[in-house]
S.K.: 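This is the structure I have questions about; it appears just below.
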2 protein chains.
Amino acid sequence: MSLPHAILTALLEKPSSGLELTRRFDRSIGYFWSSTHQQIYRELGKLEQAGRIRALPTAAPARGQKKEYEVLPAGREELAAWVALPEDPRPVRDPLLLRMRAAAVVGVNGMGSELRRHLALHERQLAEYREIEERDFTPAPEGDADRLRHLVLRGGIDLETFWIGWLTRAIGDLED
Amino acid sequence: MSLPHAILTALLEKPSSGLELTRRFDRSIGYFWSSTHQQIYRELGKLEQAGRIRALPTAAPARGQKKEYEVLPAGREELAAWVALPEDPRPVRDPLLLRMRAAAVVGVNGMGSELRRHLALHERQLAEYREIEERDFTPAPEGDADRLRHLVLRGGIDLETFWIGWLTRAIGDLED
DNA sequence: ATCAGCATGTAACCAGTTACATGATTTA
DNA sequence: TAAATCATGTAACTGGTTACATGCTGAT
């Protein structure tokens, strides 16, 4: 049940249309909760139905016409309640680690090049995060909100760093 | 499409019944691809239908009666083909990072205690991994298969270590 | 004979993915 | 006026979750 809350967060940061949201999910919020435009439109419909958001009155409600949404008080309350709710970390589900485990049984076919490919992808992602850090969080921010957003970004950076470290070690190990 | 391959891997390591598989998913394989018994039974049915596995002839096919499966050659080939297939890392989808981002907008309600709770959970998981490492991979294994399984476990250890590091920093930051 | 626990399943639902449809606006 | 692209959607499907149903086996 996280997508609606991701959308509420994004809309609180800035009222947007469905497509604008989609684009922002490809950049900032989406780094931690990815989604597609189909899912976003569906969820926007539900949120509007439930009285958590509303279409800005200026926008015409026709197909093909831009429709901007903003968060209503009920939506903000809902989001605040969700933030306070305890929720366990989800069990890991990682296809690459699983594949490696399978490779222990059926042989390490194309694993070497696959690991190098993943390494390159994670290095690219890390570089992107570092650019954002440089641009938005240097020097270190003062306000609470930006400090938190910086922490989230650090999470992304640390996660990519973990992958790069593990993949580098794995590639070395495989080559023996 | 990873669950069937997780099951094939587990069955190649050791032929099992549905419930035995479920238990092993709560321990080893499930650390990297979690699943429930309902899903496992459903998938076992499909795999049998598709001729990738078969019930051991000894077992009676009645409800409530234990039914053991083994992997057929077609299943092993399928698994080997899957291992060789390139597959991009999935986009991150992490509720805690998302919640932190939401907290930047609506305030850090119960986040402090929640972060400490997660920290404890990750520390417990790390301890469990270290026990397994001690028991199964000390001294460092010689065989290829066990070296790969050790690598996978290292993945788990490094991932938990990342979380512990990030959570510790986040808790410190919040307290200022 | 009953009950606890082992073991296998069914059904309904929900979230996410993939493929496709349609209208509006801009530009060549 | 045709094509590109912006923008909003529908439909069908798949994988995963939650809740429940049923049969067998061994202990008291």
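Residue numbers start from 1 in every chain, and the chains themselves are labelled A, B, ... in the order their sequence lines are given, proteins ahead of strands.
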S.K.: Show every salt bridge (charged side-chain N to carboxylate O under 4.0 Å, His left out) that has at least one partner inside residues 2-16 of chain B, sequence neighbours left out.
M.R.: A/Arg101-B/Glu13, B/Glu13-B/Arg24, B/Glu13-B/Arg149
S.K.: Look at B/Arg90 together with A/Asp94 and state whether they make a salt bridge at an N to O cut-off of under 4.0 Å.
M.R.: no
S.K.: Tell me the ring pair (Phe, Tyr, Trp, His ring centres under 6.0 Å) pairs involving residues 69-91 of chain B, sequence neighbours left out?
M.R.: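 Listed once each, the pairs are B/His5-B/Trp82.
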S.K.: In whole Å, what is the span from the NZ atom of B/Lys67 to the P atom of D/dT22?
M.R.: 19 Å
S.K.: Could you state the atom-to-atom distance from CG of B/Leu44 to C1' of C/dG9 in whole Å?
M.R.: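 Distance check: B/Leu44 CG to C/dG9 C1' gives 11 Å.
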S.K.: Could you tell me how far apart A/Leu21 (CG) and D/dC6 (C1') are, to the nearest whole angstrom?
M.R.: 15 Å
S.K.: Check A/Arg54 with A/Glu70, please: is the shortest side-chain N to carboxylate O separation under 4.0 Å?
M.R.: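 A/Arg54 and A/Glu70: salt-bridged.
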S.K.: Could you tell me how far apart A/Glu68 (CD) and D/dC6 (P) are, to the nearest whole angstrom?
M.R.: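 It is 16 Å, rounded to the nearest whole Å.
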S.K.: For this output row, return yes or no: ring centroids of A/Tyr31 and A/Tyr129 closer than 6.0 angstrom.
M.R.: yes
S.K.: With a cut-off of less than 4.0 Å, is there a side-chain N or O of A/Arg93 near OP1 or OP2 of D/dT17?
M.R.: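 Result: yes.
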S.K.: Going by number, which of residues 1-12 of chain B have a non-hydrogen atom under 4.0 Å from DNA chain D?
M.R.: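 Result for residues 1-12 of chain B: B/Met1, B/Leu3, sorted by number.
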S.K.: Could you state the atom-to-atom distance from CG of A/Leu19 to P of C/dG23 in whole Å?
M.R.: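 Whole-Å distance recorded here is 18 Å.
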S.K.: How long is the line joining CG of A/Leu56 and C1' of D/dA7, in whole Å?
M.R.: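 Value for this atom pair: 16 Å.
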S.K.: Looking at B/Lys66 and B/Glu20, is any side-chain nitrogen of the basic one under 4.0 Å from a carboxylate oxygen of the acidic one?
M.R.: yes
S.K.: Of the listed nucleotides (D/dG16, C/dA15, C/dC6), which one gets closest to any side-chain atom of B/Arg23?
M.R.: C/dC6
S.K.: Atom CD of A/Glu43 and atom C1' of D/dT8: how far apart are they, to the nearest Å?
M.R.: 16 Å
S.K.: Measure from CZ on A/Arg90 to C1' on C/dC14 and round the result to the nearest Å.
M.R.: 12 Å
S.K.: Does any pair with a residue in residues 160-175 of chain B pass side-chain hydrogen bond (donor to acceptor under 3.5 Å, both in side chains), and if so which ones, sequence neighbours excluded?
M.R.: B/His122-B/Glu160
S.K.: Quick check on C/dT25: is either OP1 or OP2 less than 4.0 Å from any side-chain nitrogen or oxygen of A/Lys66?
M.R.: no
S.K.: Are A/Arg23 and A/Asp26 ion-paired here, with the side-chain N under 4.0 Å from a carboxylate O?
M.R.: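 Judged by the 4.0 Å cut-off on N to carboxylate O distance, A/Arg23 and A/Asp26 do not form a salt bridge.
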S.K.: Mind checking side-chain hydrogen bond (donor to acceptor under 3.5 Å, both in side chains) for A/Arg93 and listing every partner two or more places apart, or none if nothing turns up?
M.R.: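 A/Arg93: side-chain hydrogen bond (donor to acceptor under 3.5 Å, both in side chains) contacts with B/Ser34.
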S.K.: Going by heavy atoms closer than 4.0 Å, what residues in residues 35-42 of chain A are next to DNA chain D?
M.R.: A/His37, A/Gln38, A/Tyr41
